[in-house]
Amino acid sequence: MISRGTPGGRGGRPGPGHRLERWANRPLLVAGRLARWLRRHLLGTFAVLGVIAFSLGLLGMYRQFRHEPAMFNWPNIVFFTATLFLADGTVFQDGGRYPVALEIARFLAPLATAVGVADGVSTIFAQRFERFRARHARHHVIVCGTGPTASALVDKLSRSKRVVLVAEDAEREYPDAELPPGLLRVVGDPMEPLVLAKAGVARADVVYGCLPDTSSNLAIALATRLLAADRADQPLRCVAQVGDLSLIPHLRARRIGFNDHSGFRLDFFAVEVLGARALLNRYPPSWAAPDHAEEPPVEPAPLVVLGLSGLGRALVLELARRWSALVGAAGPLLPIAVADPAADEILAALRIREPALAQVELTGHDTPHGELPPAVTDAPPPEFVYVCQSDEERALLYGLDTAQVLNGRFGFARTTVIVCTGRQRSLQDVFGRPQYPRPSTPRPGPLLEDLLGRVRFFAVNDEALPLDLGDTDLIERFARASHERYLASERHRGTPMRSRPAMVTWEELPANLQDSNRAQAAQFGEILQSAQTLMLMPAGVADTDFAFTPDEIEEFAQQEHERWRREREAKGYTLGPTQQDGPDRRHPALVDWLALSDTDRERDREVIRSLPAILAHVGLRIVRLDDPD
């Protein structure tokens with residue numbers, strides 16, 4: 001970050017305009033909830049009122065006509081009772097006193113009719129009203145597709161946000177009787193721009209592409225970008241789900257090198273990657289726990305991963321990255337045993353793509369179905385066994401088998417078995433430890449015993465979602481990393497923390513300076529595109545340390561200064577002594593490169609030098625196309 005001014009921009013909190021829009025949308029929200037309540041209860045209300053009114057009407061008509069022999073017969077009683085629902089006053093045209101039951105029925109029956117008509121009207125027009133609300137929604141979240149990922153997002157986000165679900169089977173996935181209060185449905189193909197327009201995509205905050213295949217989610221991203229207006233002040237974020245987690249660094253490399261739209265941000269996610277991070281945050285090895293000792297263990301306890309599904313592969317990679325970050329290149333190796341029908345083949349491919357695996361002692365076991373290999377019982381007891389089978393019933397079976405075998409071999413409290421499931425969160429409630437002594441007041445408890453707490457369950461979709469947009473957004477991650485590098489550089493120069501507005505942590509950084517970091521990070525692709533011999537690629541074990549040449553640093557630093565200068569001038573800054581508050585904002589660095597001070601030039605150069613390290617945060621590297629190696 002180059003902290004030489006404070007451009008105006010959106011803040012981290014919703015501004016007054018946003019709050020006014022929320023109040024303006026309040027009538028639509030109240031009307032929507034009222035309509036939903038009516039649709040759920042009007043039919044039952046009509047039935048109850050109708051039965052009561054008809055019963056009282058029969059009783060009242062019987063008492064009314066029994067003194068008139070010419071009218072006293074059951075067909076007349078039933079007929080005139082039915083006319084009460086049409087507000088027909090024939091029976092009451094002569095006036096006088098009538099039985100109490102009939103007096104009640106003459107008012108209750110038309111009311112029941114009105115409720116029935118309202119139910120019919122609400123049923124006919126509810127879908128049209130729902131589409132109207134979706135099209136005119138603001139600052140909402142759009143979820144495209146159905147399935148475990150989409151339903152987990154909808155269930156979590158609809159509790160606090162307006163969510164629009166766009167899918168061909170949206171009404172079947174969420175019928176009227178199960179519709180969450182914060183959810184609107186748009187039926188149609190989310191890859192079609194016209195369907196996305198019905199979901200109010202131009203005014204949305206985030207669009208999630210959750211279709212099963214990557215190409216469909218990329219089509220959603222393309223349609224979203226076409227519909228998004230120029231929203232540089234608040235870019236529309238689109239997050240596309242990727243079926244194969246190995247695709248993510250490739251797609252990110254191609255996107256950050258082609259950042260062509262300032263009002264649109266695109267990133268990619270795989271639930272398996274998010275699930276692996278959440279799993280290790282919930283059940284970390286002892287060396288990764290928040291209260292672990294500063295010095296890493298010389299001989300870490302072994303870990304076991306059963307099944308190299310997407311989650312299993314992501315878990316191995318996440319363990320390797322955390323261990324590598326802890327011990328460095330010269331530290332001890334982390335022993336991880338992996339079981340899968342094609343363990344050796346999969347691990348060989350992972351070693352090529354992930355440099356951090358050099359710090360892991362990976363042992364592959366080609367077991368028929370990914371069950372516990374017998375060799376594990378001959379080694380020291382593993383601290384954790386992570387069961388990552390794609391089949392949940394098989395995962396439960398192997399988890400219980402593993403707990404029985406390891407507890408019998410090494411004793412209780414030595415190994416914890418984590419069984420990973422999709423959304424079967426109830427398994428954690430099914431398996432529990434009974435209370436002793438038993439409570440005096442019986443309370444519902446677990447159905448099955450959990451082997452003294454050595455078997456735990458982890459629902460991947462429920463725990464991993466919703467996404468942390470700050471962690472998923474490439475620009476946000478680059479901006480944070482750039483600010484951390486800036487702080488380190490300034491402290492190295494002797495600048496103390498809090499000596500000026502920019503010398504604070506990211507969380508304390510003023511919103512306008514955060515925006516300055518984001519604007520800088522958004523231009524990474526532009527810098528690389530200007531050099532025809534440089535390209536972004538995913539990281540790999542064969543990487544060599546990349547460094548810009550002195551000529552490249554000088555050229556790119558000048559480009560960075562010109563970008564910063566254009567940004568400030570667009571915000572109303574003029575040349576003059578530093579003055580960042582008030583309408584007359586000035587800055588002495590708004591000059592050509594040749595007239596710039598040596599200190600400011602060095603700050604620009606430092607931004608360029610730090611670029612390879614910042615890109616490495618998301619598994620990317622810079623390569624030279626003209627390098628024969």
Side-chain angles (χ1 to χ4, degrees), residues 140-154 156-157 161 163-168 170 186 188-193 195-197 199-202 204-228 231 234-278 310-311 313-314 460-461 464-478 521-522 524-525 536 538 618-620:
H140 57 295
V141 175
I142 299 176
V143 178
C144 300
T146 54
T149 302
S151 60
L153 282 170
V154 168
K156 292 288 187 68
L157 294 174
K161 300 178 181 290
V163 178
V164 178
L165 176 64
V166 183
E168 294 180 338
V186 173
D189 185 354
M191 292 184 287
E192 294 293 333
V195 176
L196 285 176
V201 69
D205 283 344
V206 188
V207 177
Y208 294 97
C210 301
L211 293 179
D213 57 297
T214 304
S215 60
S216 298
N217 292 323
L218 290 175
I220 291 173
L222 179 61
T224 299
R225 189 187 66 169
L226 293 175
L227 292 171
R231 294 170 38 155
Q234 187 177 5
L236 174 62
R237 293 181 173 183
C238 183
V239 190
Q241 184 177 9
V242 176
D244 189 339
L245 59 92
S246 301
L247 273 175
I248 292 180
H250 288 279
L251 295 174
R252 282 176 171 168
R254 303 285 66 78
R255 176 59 191 170
I256 205 65
F258 193 69
N259 194 6
D260 63 335
H261 198 280
S262 60
F264 178 78
R265 292 185 188 172
L266 172 64
D267 200 7
F268 310 93
F269 78 98
V271 175
E272 295 85 358
V273 175
L274 302 174
R277 295 174 185 170
L311 177 64
R313 298 197 303 273
V460 176
N461 285 283
L465 299 172
L467 285 69
D468 180 354
L469 292 177
D471 183 61
T472 306
D473 191 330
L474 276 178
I475 301 300
E476 192 76 10
R477 294 176 68 180
F478 288 157
F524 285 167
L536 277 179
V618 291
L620 299 178

### Message
Let me confirm one number: the CZ-CG distance from Phe268 to Leu218, rounded to the nearest 0.5 Å.
### Response
5.5 Å
### Query
What pair of heavy atoms forms the shortest contact from Gly209 to Phe269, and how long is it?
O-CE2, 4.3 Å
### Query
Heavy-atom distance under 4.5 Å between the side chains of Asn461 and Val271, does that happen here?
yes
### Query
Residues in side chain to side chain donor-acceptor pair (under 3.5 Å) with Gln241, at least two apart?
Thr149
### Query
Looking only at heavy atoms, which two atoms of Ala167 and Thr146 are closest? And how far apart?
CB-CG2, 3.7 Å
### Query
Can you find a pair of side-chain heavy atoms, one from Thr214 and one from Leu251, that are under 4.5 Å apart?
yes
### Task
Please tell me if the side chains of Asn217 and Val242 come closer than 4.5 Å, counting only heavy atoms from C-beta onward.
no
### Over all atoms of both residues, closest heavy-atom pair of Ile220 and Pro190
CG1-O, 3.7 Å
### Query
So, Asp205 side chain and Val141 main chain: donor-acceptor pair closer than 3.5 Å or not?
no
### Query
Measuring from Leu211:CG to Met191:CE, what's the distance to the nearest 0.5 Å?
6.0 Å
### Separation between OG1 of Thr224 and CZ of Arg237, rounded to the nearest 0.5 Å
15.0 Å
### Summary
Applying salt bridge (Lys or Arg N to Asp or Glu O under 4.0 Å) to Asp213 and not counting sequence neighbours gives none
### Message
Would you say that Arg313 contacts Asp244 through its side chain, given a criterion of any heavy-atom pair below 4.5 Å between the two side chains?
### Response
yes
#### Entry: Point-to-point distance, once rounded to the nearest 0.5 Å, from SG of Cys210 to CG of Leu165
9.5 Å
#### Entry: Closest non-hydrogen atom pair between Gly145 and Ala150, with its separation
O-CB, 3.1 Å
### Task
Could you pull out the closest heavy-atom pair between Ile142 and Cys144, with the gap in Å?
CG2-SG, 3.9 Å
#### Entry: Minimum-distance pair of heavy atoms, taken over all atoms of Ala197 and Leu227
N-CD1, 3.8 Å
### Query
Are any non-hydrogen side-chain atoms of Val166 and Val207 less than 4.5 angstrom apart?
no
